Amino acid sequence: STTGIEIRGNITGAQIRIGKSASGTVNGIYLHHNASYVGGLNYTDTATALVTSSDYRLKKDVESITGAIDRVKRINPVSFNWISNGKSDEGFIAHELSDIIPNAVFGEKDAVDIDTGEIKVQSVSKETLIPVLTAALKEAITKIEILESEVAELKSS
């Protein structure tokens with residue numbers, strides 16, 4: 001209920017609580033590489049968002065995404081149960097997705113820590129799929145509009 005940072009730990013888990021008292025958006029967690037902001041966790045009075053730097057001044061060679069429908073058709077969304085708790089979920093298999101959208105996947109397939117023998121888990125940034133999905137949707141809309149136009153022409157003749 002107050003401004004500040006609190007770290008808690010108990011039998012059920014650990015928490016890091018960040019509080020604010022002023023209204024508006026706060027960059028609660030800043031993530032940096034060297035001296036450059038690369039993203040973080042922002043929060044307002046009612047919502048939280050994981051954010052990624054996206055300023056045009058940080059980018060070069062910007063081009064539209066093409067061939068997105070073909071890429072999306074190759075993505076294999078799956079339903080599954082987690083081994084740890086048996087709960088069902090939906091998502092992707094990381095190594096399958098890495099062939100299609102490599103920057104959405106972190107880690108290497110079948111990697112193992114050589115010191116402990118434990119698996120090095122691959123992870124997926126579902127957020128990284130959004131630009132490709134948006135481009136595929138735009139491509140599909142264009143195709144639909146062309147087909148609608150052709151149907152309208154056929155009906156009028």
Side-chain angles (χ1 to χ4, degrees), residues 1-65 67-141:
S1 65
T2 61
T3 299
I5 298 173
E6 178 181 356
I7 299 174
R8 294 181 177 185
N10 59 37
I11 294 172
T12 59
Q15 294 178 330
I16 298 174
R17 297 173 57 123
I18 302 172
K20 69 183 187 81
S21 57
S23 291
T25 300
V26 172
N27 300 107
I29 297 176
Y30 279 83
L31 300 174
H32 288 260
H33 175 265
N34 294 327
S36 297
Y37 173 78
V38 296
L41 188 66
N42 291 359
Y43 67 105
T44 67
D45 304 343
T46 57
T48 305
L50 180 62
V51 296
T52 301
S53 59
S54 188
D55 193 297
Y56 75 96
R57 296 168 294 179
L58 301 174
K59 302 172 183 183
K60 65 180 186 176
D61 303 328
V62 175
E63 298 177 9
S64 293
I65 296 172
I69 288 177
D70 292 332
R71 290 170 70 192
V72 168
K73 286 168 54 175
R74 293 176 45 215
I75 295 173
N76 181 30
V78 296
S79 63
F80 57 89
N81 294 322
W82 289 104
I83 292 171
S84 64
N85 61 13
K87 292 190 178 187
S88 63
D89 205 346
E90 297 173 330
F92 307 96
I93 304 299
H95 74 270
E96 293 176 358
L97 188 60
S98 69
D99 293 336
I100 304 161
I101 306 175
N103 58 330
V105 179
F106 298 89
E108 295 180 26
K109 182 180 187 280
D110 299 325
V112 176
D113 184 304
I114 58 172
D115 295 326
T116 65
E118 294 183 16
I119 65 170
K120 288 184 169 182
V121 176
Q122 280 188 293
S123 57
V124 170
S125 167
K126 294 177 183 176
E127 161 190 296
T128 306
L129 301 175
I130 294 171
V132 176
L133 296 174
T134 302
L137 179 58
K138 288 178 69 175
E139 289 175 12
I141 289 168

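From a predicted model like this one, the values you see are computed outputs, not experimental measurements. Hydrogens, waters and symmetry mates play no part in the numbers below; they use all other heavy atoms, side chains included.
- Taking CD1 from Ile7 and CD1 from Ile5, the interatomic distance works out to 7.5 Å, rounded to the nearest 0.5 Å.
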Donor-acceptor pairs under 3.5 angstrom involving side-chain atoms of residues 68-78: please list them, not counting sequence neighbours.
from	atom 1	to	atom 2	distance (Å)
Arg71	NH2	Ile100	O	3.4
Asn76	ND2	Glu96	OE1	3.2

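- Across all their heavy atoms, Ser54 and Lys59 have their closest contact at OG-NZ, 3.0 Å.
- Pairing each heavy atom of Arg8 with each of Arg17, the nearest pair is NH1-NH1, 3.4 Å.
- More than 12 heavy atoms of other shown residues, nucleotides or ligands fall within 6.0 angstrom of atom CZ in Phe80.
- Atom CG of Asn42 is separated from atom CD1 of Ile29 by 10.0 Å, given to the nearest 0.5 angstrom.
- Side-chain atoms of Thr12 and Asn10 include a donor-acceptor pair closer than 3.5 Å.
- The shortest heavy-atom contact between Ser21 and Thr3 is OG-OG1, 3.0 Å.
- In this structure, Leu137 CG and Ile130 CD1 are separated by 12.5 Å, a value rounded to the nearest 0.5 Å.
- The nearest pair of heavy atoms linking Thr52 to Glu127 is OG1-OE2, 2.8 Å.
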*Before giving the answer on side chain to side chain contact (heavy atoms under 4.5 Å, CB included), spell out for Leu97 and Asp99 the whole-Å C-alpha distance, their side-chain angles and the decisive distance to 0.1 Å.*
CA-CA 5 Å; Leu97 188 60; Asp99 293 336; over 6 Å; no
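- Within the 3.5 Å criterion, the main-chain N or O of Thr116 finds a donor-acceptor partner in the side chain of Asp113.
- When all heavy atoms of Glu139 and Ile65 are compared, the pair lying nearest together is OE2-O, 4.1 Å.
- Two residues are said to be in side-chain contact when any heavy atoms from C-beta on lie closer than 4.5 Å; Tyr37 and Val51 meet this criterion.
- With hydrogens and angles disregarded, a donor-acceptor distance shorter than 3.5 Å links the side chain of Asp55 to the backbone of Arg57.
- Nearest heavy-atom pair across Ser125 and Phe106 is CB-CE1, 3.9 Å.
- For the pair Gln122 (side chain) and Gly107 (backbone), a donor-acceptor distance under 3.5 Å is present.
- Using a 4.5 Å heavy-atom threshold, the side chains of Glu108 and Lys120 count as separate.
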Which donor-acceptor pairs under 3.5 Å do side chains of residues 85-92 form with protein atoms, sequence neighbours excluded?
from	atom 1	to	atom 2	distance (Å)
Asn85	OD1	Lys87	N	2.9
Asp89	OD2	Trp82	NE1	3.0

